[in-house]
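The block underneath contains the structure these notes are about, expressed in structure tokens.
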Amino acid sequence: MRVLYVNDAIAIWGGLERILVEKANYLTNHYGYDVAIVTSEQGEHKVPYSISPQIYLKDLGIRFHQQYNYRGIKRFFKYFKLHRSYLAHLRKMINEFQPDVIVVMRVELVSDVLKVKGAIPLIFESHACCKCDLFEGYGFWRRIHYSWHIYQASKADTIVALTNRDAADWRNYSKKVQIIPNMVNLNKSNRYSLHESKEILFVGRLSKQKNIDGLLRIWEIVSNRFPKWSLHIYGEGDEETALMKSISSTNGNVVLHKPISNLDDIYINSSMLLLTSIYEPFGLVMPEAMSYGLPVVAFNCPYGPSDIISDGLDGFLIKEGDIYAFAHKVCLLIENRQLRMQMGVNAIKSSQRYLPDNIMLYWKNLFEKYLK
């Protein structure tokens, strides 16, 4: 079985990039598939996650960002030239690798793959969400552009959604929708949080989607009651500079860390995980943290938290935007170690749904359906 993944790059510490690498590794190491990943923007950037040497990586070297060195009509012609080159190189790559199936990871790439793939089956894997234009506050023309991408995605042979709610949205455009959650590399250390630490954890990109401002407002309420507790943030992104300025005005119990590939010790030495996203297509960090015995407090935003967290059992789901209710649940867990421990036990059990062996079997069945 030959599987070709198409993406723009694998250059940042992101959920999509991590899942792409881990699935490719699994397909290669466990099923013996031939897997290739083709990108257009990788350049000299190193892949931040460990990737099997058996996986064929090919960067087409297009660098679409070059168009922004120009203005007006010159930018348009530069884009046209780059785009034509991209299609030619992508077609050549497909003809050389001869995949049995192609998987596209970003909606904006689907239309180009449709132009050059021939009769090869195409799977679009929705790692954002069908309605993310609403959450991101796109302007009129950008929404029109995004609607075009949604229409193109509807032509895929299968659309894979990560959650029930996103699948329901995609079914307004296509009847060929399947739900396959993300696989998660769960705790293999046999070590778990003892809930003795006074450290609370946030892991994720520092972006507007993750609602970093809301996180700090919640923490201000919590730290006023429990000044000996600290919030540890692992991530980087567009909001990093603003976050550092905000942290400098706190009482010192917010600590910003660069992202790291192995969070074992971080999870074990924390007592809970917070997630404040405006929307969350899945949220890898939730089941991962839960597998170490951490309860999760999250806004019940579209789409991931309600699929992963059982409210009151292994964490808390908070009404969107209610920072006071969010802070109250955090304080409740701080006050009650026994509650943290009980929720942690439940969290370990519920996280097992996302074991790679369970999730990747769905992918194997889907791929081999097209092979037949």
| query | For K210, which of E280, E239, E236 qualifies under salt bridge (charged side-chain N to carboxylate O under 4.0 Å, His left out)? | reply |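 So the option named by the test is E280.
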
Taking only residues at least two apart or on different chains, which pairs with a member in [range] satisfy salt bridge (Lys or Arg N to Asp or Glu O under 4.0 Å)?
| range | value |
| --- | --- |
| residues 153-175 | K131-D169 |
| residues 102-116 | D8-R106, E17-R106, D112-K115 |
| residues 185-196 | R191-D265, E196-R337 |
| residues 71-80 | none |

| query | How would you list all residue pairs meeting ring pair (Phe, Tyr, Trp, His ring centres under 6.0 Å) that involve residues 90-133, not counting sequence neighbours? | reply |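 Found F124-W170.
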
| query | Which residue pairs pass the ring pair (Phe, Tyr, Trp, His ring centres under 6.0 Å) test when at least one of the two sits in residues 261-282, sequence neighbours left out? | reply |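 Passing the test, one end in residues 261-282: F135-Y279, Y267-Y292, F282-Y354.
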
Parallel, tilted or perpendicular: which fits the ring planes of [X] and [Y], with parallel below 30° and perpendicular above 60°?
| X | Y | answer |
| --- | --- | --- |
| Y33 | F367 | tilted |
| H257 | H232 | parallel |
| Y86 | F64 | perpendicular |

Using residues 357-366 as the side-chain source, report each donor-acceptor pair under 3.5 Å to any protein atom, sequence neighbours left out, with the distance given to one decimal.
{"unit_1": "D357", "atom_1": "OD1", "unit_2": "Y26", "atom_2": "OH", "d": "2.4"}
{"unit_1": "N358", "atom_1": "ND2", "unit_2": "Q352", "atom_2": "O", "d": "3.3"}
{"unit_1": "K364", "atom_1": "NZ", "unit_2": "E368", "atom_2": "OE1", "d": "3.4"}
{"unit_1": "K364", "atom_1": "NZ", "unit_2": "E368", "atom_2": "OE2", "d": "3.4"}
{"unit_1": "N365", "atom_1": "ND2", "unit_2": "L361", "atom_2": "O", "d": "3.3"}

| Contact list for residues 315-324, test side chain to side chain donor-acceptor pair (under 3.5 Å), sequence neighbours left out |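 Pairs touching residues 315-324 that pass the test: none.
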
With sequence neighbours excluded, residues passing side chain to side chain contact (heavy atoms under 4.5 Å, CB included) with [X]:
| X | value |
| --- | --- |
| I278 | N211 |
| Y56 | A36, K58, M93 |
| N29 | N25, S52, Q54 |

| Sidechain N-carboxylate O distance under 4.0 Å for E125, K23 |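 Yes, charged N to carboxylate O under 4.0 Å.
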
| field | Ionic contact status for E288 with R18, cut-off 4.0 Å | value |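 Between E288 and R18 there is a salt bridge, with a charged N closer than 4.0 Å to a carboxylate O.
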
| task | Tell me, please, which residues at least two apart from Y151 pass ring-ring contact (aromatic ring centres under 6.0 Å, His included). | result |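 Per chain and number, Y151 pairs via ring-ring contact (aromatic ring centres under 6.0 Å, His included) with W148.
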
